Structure formats: structure tokens, C-alpha cells
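Data block below; observations after.
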Number of protein chains: 2
Amino acid sequence: MSDHVSRILEQWSTHRPDLDCSPMGVIGRIERMSKFLAPAIESLIHSFDLSRIEFDILATLRRSSGPLTPTQLYQDTMLSSGAMSTRLEHLVNKGWIKREPSPSDRRSCTIELTQTGRENIDAIVTKHVNNERDLLQSLNLEEQEQLASLLAKWLSHHENK
Amino acid sequence: MSDHVSRILEQWSTHRPDLDCSPMGVIGRIERMSKFLAPAIESLIHSFDLSRIEFDILATLRRSSGPLTPTQLYQDTMLSSGAMSTRLEHLVNKGWIKREPSPSDRRSCTIELTQTGRENIDAIVTKHVNNERDLLQSLNLEEQEQLASLLAKWLSHHENK
DNA sequence: TATTGTTATACTCTATAACTATA
DNA sequence: TATAGTTATAGAGTATAACAATA
């Protein structure tokens with residue numbers, strides 16, 4: 001299994017034999033897989049004139065059980081409030097979402113998909129998931145499950161801190 | 001093992017029961033782990049007044065068996081030639097590296113760590129690896145190896161394309 | 001006083017392409 | 001003609017903080 005990171009580890013063991021670099025074998029590969037996936041995923045999303053962040057916002061709205069506020073959205077996506085405002089403005093102008101005043105709190109508003117926004121994101125999400133399935137083909141389903149399970153274990157320890 | 005992505009998958013199964021979203025269980029978690037790791041790793045590196053890219057350049061030089069050219073460096077780090085020039089200029093000014101004319105090709109130059117650059121990066125790499133080791137503590141060594149092995153398998157299929 | 005959301009500002013970083021020099 | 005490296009330009013995207021309105 002001679003990948004790029006394994007060659008990096010060999011170089012380190014030659015030039016820094018005092019150092020146990022095995023953590024790089026995990027973290028270096030996580031980062032590297034992430035870097036390979038990004039363009040493959042983004043090229044599909046960009047073909048619908050959406051940035052990755054905008055797609056995430058639309059997908060979050062689609063799978064939620066009702067309208068969300070900008071605050072809920074920027075906390076969920078780890079974005080600043082200012083950046084979220086800019087993104088939402090774009091999505092309103094492009095007809096994806098509608099912004100309406102909150103009935104209970106007059107400082108706030110609710111964000112919701114438009115009719116066509118919902119139809120379009122439904123179609124895109126389907127293509128997106130199939131794209132992801134293709135990208136994972138080099139692992140069989142059992143290996144994919146093992147991988148997901150190990151990542152879930154790590155994440156469950158780090159998300160609530 | 002109830003992490004954030006598992007809740008996302010539940011939401012999709014409620015609102016899009018027609019869609020098998022299991023690929024998100026892998027790819028969503030890869031991206032999410034990567035997003036959690038980045039600030040933890042960068043905060044150590046930034047404390048030495050280095051960007052992540054600059055650290056990668058210095059580490060590449062440290063583990064290589066001799067001086068490298070800017071072209072070798074930008075291909076290795078997946079950066080554009082222009083961006084690499086800017087980074088190298090910074091690192092020269094800060095005393096990390098030295099740039100010398102290539103003896104064999106007068107268009108080219110060689111990039112090499114300075115004496116103090118090498119000493120400093122040695123110390124930082126040690127701290128960096130220990131930091132990574134800490135970050136992986138929630139998985140035992142066997143799990144870390146399984147994870148590395150699954151990632152290596154995926155990467156070895158995608159790196160030579 | 002604290003919170004919600006928007007707007008304005010400045011910053012970081014990058015890719016692109018034009019350019020110089022050499023092969 | 002092609003390649004190595006640098007420089008200049010412009011663009012995308014963000015965080016920060018100032019701001020207005022409401023709680």
C-alpha cells in the first residue's frame with residue numbers, strides 16, 4: 001500500500017530516526033484524502049453555480065424540519081455571522097431561499113427554501129450523493145463502514161468540547 | 001456512537017427516505033475530522049509565526065536528501081508557481097531558507113534550509129508530531145493503524161491518476 | 001445590557017498571466 | 001519553442017467590528 005504519505009514517513013525515518021512519526025500516517029492521510037475529495041465534489045456543485053458553502057446551507061435547510069434563523073445556520077456551518085449574511089443575500093437574489101420576518105422576535109428572521117429552490121436542491125443532492133458513492137468505489141462496503149465507524153468514534157470524542 | 005454526521009444522516013432518512021446517503025457517513029466525517037484538526041494543528045504552527053503552507057515547505061526541505069528547486073516544491077505542495085515564489089520570498093526574508101543559483105541551469109535556483117532554519121524546524125516538527133499524537137488519543141493504537149491503512153488503500157487508488 | 005442580523009472595512013491568500021532569462 | 005522562476009493584477013472569501021433594532 002505505497003501511497004504518498006508512506007514515502008514521506010520513510011523520508012522522516014531516514015532523516016529523523018529519533019522521531020516516531022506514526023501520527024502523520026493518520027492525520028497526513030486524512031488531510032490528503034480531504035484535499036483529493038474537495039475538487040471532485042466542488043466541480044459538481046460549481047456546475048450549478050453554487051459555492052460549497054452555499055450548497056451546505058441549502059442542504060441544511062432541505063433536511064431540517066422547518067425554517068431556520070441565520071444564527072442557527074452560521075453556528076451549524078461554523079461560519080461568522082457576517083459571512084452568513086453575505087451568503088444568504090446571494091441565495092435570496094438567485095431565488096433559492098426566502099427571508100421572512102420572525103413572527104415572535106422582531107429582531108430576527110426565518111430562512112426557508114423557495115418552491116423552485118427545494119426542487120433544484122433535491123435534484124442536486126441526489127447527484128451529489130451518487131458522486132460521493134463513485135468516489136468511494138476503491139473501498140468495498142465493509143471497508144467503508146469500518147472507516148465511517150472509526151471516524152465517528154474520533155468525532156464523538158471531539159465534538160462536544 | 002452518536003456524532004454530528006449520524007444526526008445529519010437521520011435527518012436525511014426522514015426527509016429523503018428514497019436516498020441512500022451512506023457515502024456521506026464516510027466523506028462527511030473525513031471533511032469534518034479535517035476541519036476539527038486544522039485549527040488545533042495551525043495554532044501550534046502559528047505560534048512560531050509560520051503559516052501552514054510555510055511549515056509544509058520547511059518540513060519538505062528538512063526530510064529531503066538535498067536542496068530542492070521551486071518547481072519541485074510547488075508540485076509537491078500542489079501550489080501554483082506564483083504562490084510558491086511569494087512564500088519562498090517570505091521565508092528567505094525571515095532567515096529560514098537560502099536561495100542559490102543552480103550550478104547546472106542558470107534559469108533555476110536551489111532552495112535550502114539555513115543553519116538556524118534547520119535547527120528551528122527540527123524543534124517545531126518534534127512538537128508538531130507530539131501535538132498530532134495527542135489529537136489522536138481518543139483512538140487506541142490498533143484503531144489508528146486500521147484507520148491509516150484504510151486511508152492508504154483509498155489514496156493509493158487515487159494518487160496516480 | 002444583551003442579542004439578532006446587516007453592513008463596511010481590511011486582510012490573507014490564491015490563480016492567472018505577463019515577463020525575463022535561459023535551455 | 002519550451003521551461004524556470006518572478007512579479008503584478010485582480011478576485012474570492014473571510015473575520016472583525018461598528019451599527020441599528022429589538023429583547
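In what follows, every heavy atom counts, from backbone to side chain, and hydrogens, waters and symmetry copies are set aside. Throughout, protein chains are lettered first and strands after them, A, B, ... in sequence-line order, and every chain is numbered starting at 1. These numbers were taken from a predicted model, which means no experiment stands behind them.
- Looking at which nucleotide of DNA chain D each of A/His46 and B/Gly82 is closest to, the 5′-most match is held by B/Gly82.
- Between A/Asp3 and A/Arg32 there is no salt bridge, since none of the side-chain N atoms of the basic residue sits less than 4.0 Å from a carboxylate O of the acidic one.
- Taking atom CG of A/Leu79 as the reference point, atom P of C/dT4 lies 17 Å away to the nearest angstrom.
- Using a 4.0 Å heavy-atom distance criterion, B/Thr69 is classed as a sugar-phosphate-only contact.
- For B/Ile57 and C/dT14, the CD1 to C1' distance is 13 Å, given to the nearest whole Å.
- D/dA4 atom C1' lies 15 Å from atom CG of B/Leu68, rounded to whole Å.
- Annotation for A/Lys94: atom NZ counts as buried by contact number, over 12 foreign heavy atoms lying within 6.0 Å.
- Using a 4.0 Å heavy-atom distance criterion, A/Arg99 is classed as a sugar-phosphate-only contact.
- Rounded to an integer number of Å, the gap from CD of A/Glu42 to C1' of D/dA12 is 12 Å.
- Residue contacts for A/Leu88: at a heavy-atom cut-off of 4.0 Å it reaches no nucleic acid atom on any strand shown.
- Close to D/dT6, at under 4.0 Å from its OP1 or OP2, lies a side-chain N or O of B/Ser85.
- Residues A/Arg87 and A/Ser51 have side chains that never bring a donor and an acceptor to within less than 3.5 angstrom of each other.
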Where do N or O atoms of nucleotides 18-23 of chain C meet protein N or O atoms at under 3.5 Å, pair by pair?
from   : atom 1 : to       : atom 2 : distance (Å)
C/dA23 : OP1    : B/Arg106 : N      : 3.1

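- For B/Arg87, counting side-chain heavy atoms from C-beta on, the closest listed nucleotide (C/dA15, D/dT6, C/dC13) is C/dC13.
- Going from atom NE2 of B/His90 over to atom C1' of C/dT14 covers 13 Å, rounded to whole Å.
- Across the protein-nucleic acid pair, B/Gln72 atom CD and D/dT3 atom P stand 16 Å apart, rounded to whole Å.
- Two residues are said to be in side-chain contact when any heavy atoms from C-beta on lie closer than 4.5 Å; A/Leu58 and A/Asn120 fail this criterion.
- The residue among A/Thr86 and B/Thr110 whose nearest nucleotide of DNA chain D lies closer to the 5′ end is B/Thr110.
- A distance of 9.0 Å separates CD in B/Glu89 from CD1 in B/Ile97, rounded to the nearest 0.5 Å.
- Picking from C/dT6, C/dC13, D/dT16 the nucleotide with the shortest atom distance to the side chain of A/Pro70 gives C/dT6.
- Crowding of A/Arg118 atom CZ: a count of heavy atoms from other residues, nucleotides or ligands under 6.0 Å not exceeding 12.
- The hydrophobic clustering, which links ILVMFWY residues whose side-chain heavy atoms are closer than 4.5 Å, places B/Met78 and B/Met84 together.
- In this structure, A/Glu89 places its CD atom 11 Å from P of C/dA8, rounding to the nearest Å.
- Per the geometry, CG belonging to B/Leu50 stands 16 Å off C1' belonging to C/dT12, to the nearest Å.
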